[in-house]
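Here the structure is laid out as structure tokens; the discussion comes afterwards.
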Amino acid sequence: MLKISNLHAYYGTIEALRGVDLEIRDGQICTIIGANGAGKTTLLKSISGIVNRTGLITWDEEDISKCNSLQTVRKGIVHVPEGRLVFPGLSVRENLEMGTINWHGFFGRKPYDEDLEKVYELFPRLLERKDQKAWSLSGGEQQMLAIGRGMMARPKLLMLDEPSMGLAPKLVDEMFKKIVEINRTHHIPILLIEQNANLALEISDYAYVLDQGKIAVHGPADELRTDPQVTRAYLGAH
Ligand code: ATP
């Protein structure tokens, strides 16, 4: 599905990714773990076309290395960035409608009601709050909204950057269940970035460890969970 080879990314003279190879197969949840500053967010931004990068990125065998963010979304690769970034002054429903902009043009067709229904089914809390302004939502609700808005773009690949960040432990568990539901029930492959590496590996099929802009280790998630190098450095084992 998504295949990346020899990806380099730059912020001016800083090289944040230094030759990354990665593959996401259909139906998978794939996690990227790594320390702060390892390049995880940059990897998602590179796929989305919002940072300066070189290398080959193919999507269903099509070269998308030169695509910008709008072109990438139109291909079904949807990025839910770190930090929620909802539109605070818009209602929940209006925020969700913004997710369809890339599909239909700003003044184009109304979003399909069935898309909204799917999001409300996934996150019933958003239906309860549909007329409430986004700024007044709790952190967990804003995160649901950010993911819901991503779902409105009808993703064929959903990229989630730190969806559990800042959530209380109980909400973290719920968020992980929702990610599994999106993957299994809606059949959407997921590329996940998580600080919470233990939980992320539990729900993932495959995982990559990024270290200073390079892939240090990769493999089936259940193998990485018991890999001594990974457990020592990233899973809190001693
Ligand atoms: P974290 O877990 O802290 O979010 P990360 O693994 O997502 O970290 P990135 O945000 O991708 O890491 O950053 C990778 C490297 O690129 C870091 O050294 C960072 O300082 C640098 N970097 C990121 N964004 C910029 C920017 N806009 N300008 C300059 N350097 C940047």
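Only a predicted model underlies this, so the values are computations on that prediction, with no experimental measurement involved.
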Sidechain-backbone polar pair: [X] side chain, [Y] backbone, donor-acceptor under 3.5 Å:
X: Asp205; Y: Ile29; answer: yes
X: Glu82; Y: Asp161; answer: no
X: Glu223; Y: Pro220; answer: no
X: Thr185; Y: Ile182; answer: no

Restricting to non-hydrogen atoms, name the atom on [X] and the atom on [Y] that form the minimum distance, rounded to 0.1 Å.
X: Leu224; Y: Gly219; answer: CD1-N, 3.6 Å
X: Leu167; Y: Pro163; answer: CD1-O, 3.7 Å
X: Lys40; Y: Gly34; answer: NZ-O, 3.0 Å
X: Met151; Y: Val119; answer: CB-CG2, 3.9 Å
X: Ser5; Y: Asp21; answer: CA-OD1, 3.1 Å
X: Gly140; Y: Leu171; answer: CA-CD1, 4.4 Å

What distance do [X] atom [atom1] and [Y] atom [atom2] have between them, rounded to the nearest 0.5 Å?
X: Asp227; Y: Asp222; atom1: CG; atom2: CG; result: 12.0 Å
X: Arg184; Y: Ile179; atom1: CZ; atom2: CD1; result: 11.5 Å
X: Lys156; Y: Asp60; atom1: NZ; atom2: CG; result: 8.0 Å
X: Glu23; Y: Cys30; atom1: CD; atom2: SG; result: 9.5 Å
X: Arg93; Y: Asn95; atom1: CZ; atom2: CG; result: 12.5 Å
X: Glu121; Y: Glu181; atom1: CD; atom2: CD; result: 8.0 Å

Any side-chain heavy-atom pair from [X] and [Y] closer than 4.5 angstrom?
X: Ile147; Y: Met175; result: yes
X: His79; Y: Lys45; result: yes
X: Leu96; Y: Leu145; result: yes
X: Val230; Y: Arg225; result: no
X: Lys66; Y: Gln71; result: no
X: Leu70; Y: Arg74; result: yes
X: Ile203; Y: Asn183; result: no
X: Met165; Y: Gln195; result: no

field: Apart from Leu56 itself, residues in the same hydrophobic cluster as defined by side-chain heavy atoms under 4.5 Å
entry: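 Besides Leu56, the hydrophobic cluster comprises nothing; the residue is isolated.
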- request: If you link ILVMFWY side chains whenever their heavy atoms are less than 4.5 Å apart, which other residues fall into the same cluster as Met159? By chain and number, please.
  value: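 Met1, Leu2, Ile4, Leu7, Leu17, Val20, Leu22, Ile24, Ile32, Leu43, Leu44, Ile47, Ile57, Trp59, Ile64, Ile77, Leu157, Leu191, Ile193, Tyr206, Tyr208, Leu210, Ile215, listed by chain and number.
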task: Test side-chain contact (heavy atoms from CB on, under 4.5 Å) on Asp173 and Leu199 and set out the steps.
output: CA-CA 8 Å; Asp173 286 343; Leu199 274 176; 3.8 Å; yes
message: Please determine whether a side-chain nitrogen of the Lys or Arg among Glu174 and Lys178 lies less than 4.0 Å from a carboxylate oxygen of the Asp or Glu.
response: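 No, no charged N to carboxylate O under 4.0 Å.
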query: More than 12 heavy atoms of other residues, nucleotides or ligands under 6.0 Å from CZ of Arg18: is that the case?
result: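 Yes, the 6.0 Å shell around CZ holds more than 12 heavy atoms from other groups.
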field: Neighbour count above 12 (heavy atom, 6.0 Å) for Glu94 CD
entry: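 It does: Glu94 CD has more than 12 such atoms within range.
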task: Could you walk me through whether Phe176 and Glu202 pass side-chain contact (heavy atoms from CB on, under 4.5 Å), step by step?
output: CA-CA 10 Å; Phe176 274 90; Glu202 260 178 48; over 6 Å; no
Partner set under side-chain hydrogen bond (donor to acceptor under 3.5 Å, both in side chains) for Asp26, not counting sequence neighbours: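 Testing Asp26 for side-chain hydrogen bond (donor to acceptor under 3.5 Å, both in side chains), a comparison that skips the adjacent residues, returns none.
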Co-membership, hydrophobic cluster, residues [X] and [Y], 4.5 Å side-chain:
X: Leu160; Y: Leu85; value: no
X: Leu127; Y: Met152; value: yes
X: Val80; Y: Ile50; value: no

Given Lys133, Arg125, Arg129, the one that forms side-chain contact (heavy atoms from CB on, under 4.5 Å) with Val92: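 For Val92, the side-chain contact (heavy atoms from CB on, under 4.5 Å) test succeeds with only one of Lys133, Arg125, Arg129, which is Arg129.
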- prompt: Do Thr31 and Glu194 meet the criterion of a side-chain donor-acceptor pair at a distance under 3.5 Å?
  reply: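 Not at all, the side chains of Thr31 and Glu194 share no donor-acceptor pair under 3.5 Å.
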